[in-house]
Amino acid sequence: TVADQLEGAGRSWKSYQEDMSTPCRHPKIGEPDRTLVARRGDMYATRHNPFVYFHSIIDTDTCKSQVVDLAALEADLAQADRTPNLAYITPNLCHDGHDTPCVDGQPGGLVSADRFLSTWVPKILASSAYKADGLLVITLDESDNDASSCCGQKGPGGGRIGALLLSPHVAAGTTNSTAYNHYSLLCSIEDAFGLPHLAGAGAPGLRCFGKDVYS
């Protein structure tokens, strides 16, 4: 995994999951996933936390310190040396726009997604780690159309979705119509840290972010 790659290269990573509460939370192997449907006070979804699907992570003692509740992010942003090199942030099933309305009475949809971003994006952009050389990528996991191909590229990749990139190294207000997919994002993350490309990120002909993205 990219987490294993980062650790091997002496880099840090963390997964911040809203409503997860218990660090490294996931169903026991072979048992049903009780997080498929949101509940009041618990709208965490295991399926949106990719790190808990790999034994190389969940079978280690570090999982509980690396896969944590979103509430830990603010303290980690307070100091650059506490901010991980790769931070993976997932909203709960209400704030990710999935549910409309939400089980706790929030409107859900884009209204609640926008409220989530309005809370966290300013905190990230104000952090010293971001200001130094950070890149914030805001994207979705999928679209409602056929996800078997994306943007003219064969194979799975999320379907036709958008992404917003914020960085001191990306010119503000610019747009890009280049056909990228989720493997392109993985490839670009690995490039940023000088890591080899995993699985689909190393597919022949796959486009990774280049000078058309970075200024």
Side-chain angles (χ1 to χ4, degrees), residues 1-7 11-79 82-104 106 108-125 127 129-130 134-142 158 161 163-164 166 182 185-186 189 198:
T1 71
V2 68
D4 300 320
Q5 287 183 306
L6 287 166
E7 289 183 4
R11 303 278 188 170
S12 58
W13 66 274
K14 264 190 178 182
S15 171
Y16 299 91
Q17 301 288 318
E18 189 175 26
D19 277 1
M20 186 175 68
S21 301
T22 304
C24 195
R25 176 181 164 195
H26 61 86
K28 291 183 179 180
I29 304 300
E31 293 190 2
D33 184 356
R34 306 297 184 186
T35 69
L36 295 176
V37 179
R39 294 171 289 177
R40 284 183 175 271
D42 184 8
M43 292 184 277
Y44 165 70
T46 304
R47 66 186 183 277
H48 291 166
N49 183 8
F51 299 96
V52 295
Y53 286 87
F54 295 93
H55 281 289
S56 63
I57 295 174
I58 64 173
D59 292 349
T60 66
D61 293 334
T62 59
C63 185
K64 290 185 178 180
S65 63
Q66 305 301 104
V67 184
V68 299
D69 191 272
L70 177 63
L73 177 59
E74 192 160 9
D76 288 349
L77 290 173
Q79 301 178 35
R82 288 186 56 177
T83 307
N85 295 123
L86 175 66
Y88 188 95
I89 303 167
T90 308
N92 64 27
L93 288 171
C94 178
H95 296 153
D96 69 355
H98 184 277
D99 293 355
T100 309
C102 304
V103 294
D104 62 355
Q106 294 184 66
L110 295 180
V111 173
S112 292
D114 183 65
R115 290 176 181 172
F116 177 88
L117 293 172
S118 296
T119 297
W120 285 104
V121 170
K123 294 178 181 180
I124 295 170
L125 300 190
S127 69
Y130 171 82
L135 169 64
L136 173 61
V137 180
I138 303 170
T139 189
L140 303 175
D141 60 347
E142 62 192 5
I161 60 171
L164 175 64
L166 304 175
H182 289 331
L185 176 57
L186 174 59
I189 291 171
L198 288 171

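Remember, predicted model here, so these are calculated numbers, not experimental data.
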> Under 4.5 Å between any side-chain heavy atoms of L166 and L135, yes or no?
Replying inline: no

>> Could you tell me if the side chain of V121 sits less than 4.5 Å from the side chain of F116, heavy atoms only?
In response: no

> Closest heavy-atom contact between S12 and P84?
Replying inline: OG-CA, 3.2 Å

> Can you find a side-chain donor-acceptor pair between T83 and D76 that sits under 3.5 Å?
Replying inline: no

> Got a second to check how far T35's OG1 is from Q17's CD, nearest 0.5 Å?
Replying inline: 10.0 Å

> Around D59, counting heavy atoms of other residues, nucleotides and ligands shown, do more than 12 lie under 6.0 Å from its CG?
Replying inline: yes

>> Tell me if the NZ atom of K64 is crowded by more than 12 foreign heavy atoms within 6.0 Å.
In response: no

> So, does T100 use its side chain to make a donor-acceptor pair with the main chain of G109 at under 3.5 Å?
Replying inline: yes

> Do S15 and V68 come close enough that some side-chain heavy atom pair is under 4.5 Å?
Replying inline: no

> Between R40 and V103, is there a donor-acceptor pair closer than 3.5 Å when you use the side chain of the first and the backbone of the second?
Replying inline: yes

>> I'd like to know whether CD of Q79 has more than 12 heavy-atom contacts from other residues, nucleotides or ligands below 6.0 angstrom.
In response: yes

>> Rounded at 0.5 Å granularity, tell me how far CG in D19 sits from CZ in R25.
In response: 8.0 Å

>> To the nearest 0.5 Å, what is the distance between CG on D33 and NE2 on H26?
In response: 11.0 Å

> If you take all heavy atoms of G108 and C102, which pair is closest and at what distance?
Replying inline: CA-SG, 3.3 Å

> Do H95 and E18 get their side chains close enough for a donor-acceptor pair, meaning under 3.5 Å?
Replying inline: yes

>> Determine whether D96 and H48 satisfy the following criterion, side-chain contact (heavy atoms from CB on, under 4.5 Å), listing intermediate values before the conclusion.
In response: CA-CA 10 Å; D96 69 355; H48 291 166; 3.4 Å; yes

> If you round to the nearest 0.5 Å, how far is CH2 of W120 from CD of E74?
Replying inline: 5.0 Å

> For the side chain of D4 and the backbone of T1, is there at least one donor-acceptor N/O pair under 3.5 Å apart?
Replying inline: yes

>> Applying the side chain to side chain donor-acceptor pair (under 3.5 Å) criterion to Y44, which one of T90, N92, D69, N49 satisfies it?
In response: N49

> Between Y88 and F51, is the gap from one ring center to the other below 6.0 Å?
Replying inline: yes

> Can you find a pair of side-chain heavy atoms, one from V67 and one from K14, that are under 4.5 Å apart?
Replying inline: no

>> So for atom CG, which belongs to L110, do other residues, nucleotides or ligands contribute more than 12 heavy atoms lying within a distance under 6.0 Å?
In response: no

> Rounded to the nearest 0.5 Å, what separation is found between the CE atom of M43 and the OG atom of S112?
Replying inline: 8.5 Å

>> Quick check against the 3.5 Å criterion: does T60 have a side-chain atom that pairs as donor or acceptor with the backbone of I57?
In response: yes

> Taking all non-hydrogen atoms of both residues, which atom of D141 and which atom of H182 are closest, and how far apart?
Replying inline: O-NE2, 3.2 Å

>> Nearest 0.5 Å, please: how far is NE2 in H98 from CG in L140?
In response: 12.0 Å

> Does some side-chain heavy atom of T139 sit less than 4.5 Å from a side-chain heavy atom of L164?
Replying inline: no

> Any idea which heavy atoms bring G97 and A113 closest together, and the distance?
Replying inline: N-CB, 4.2 Å

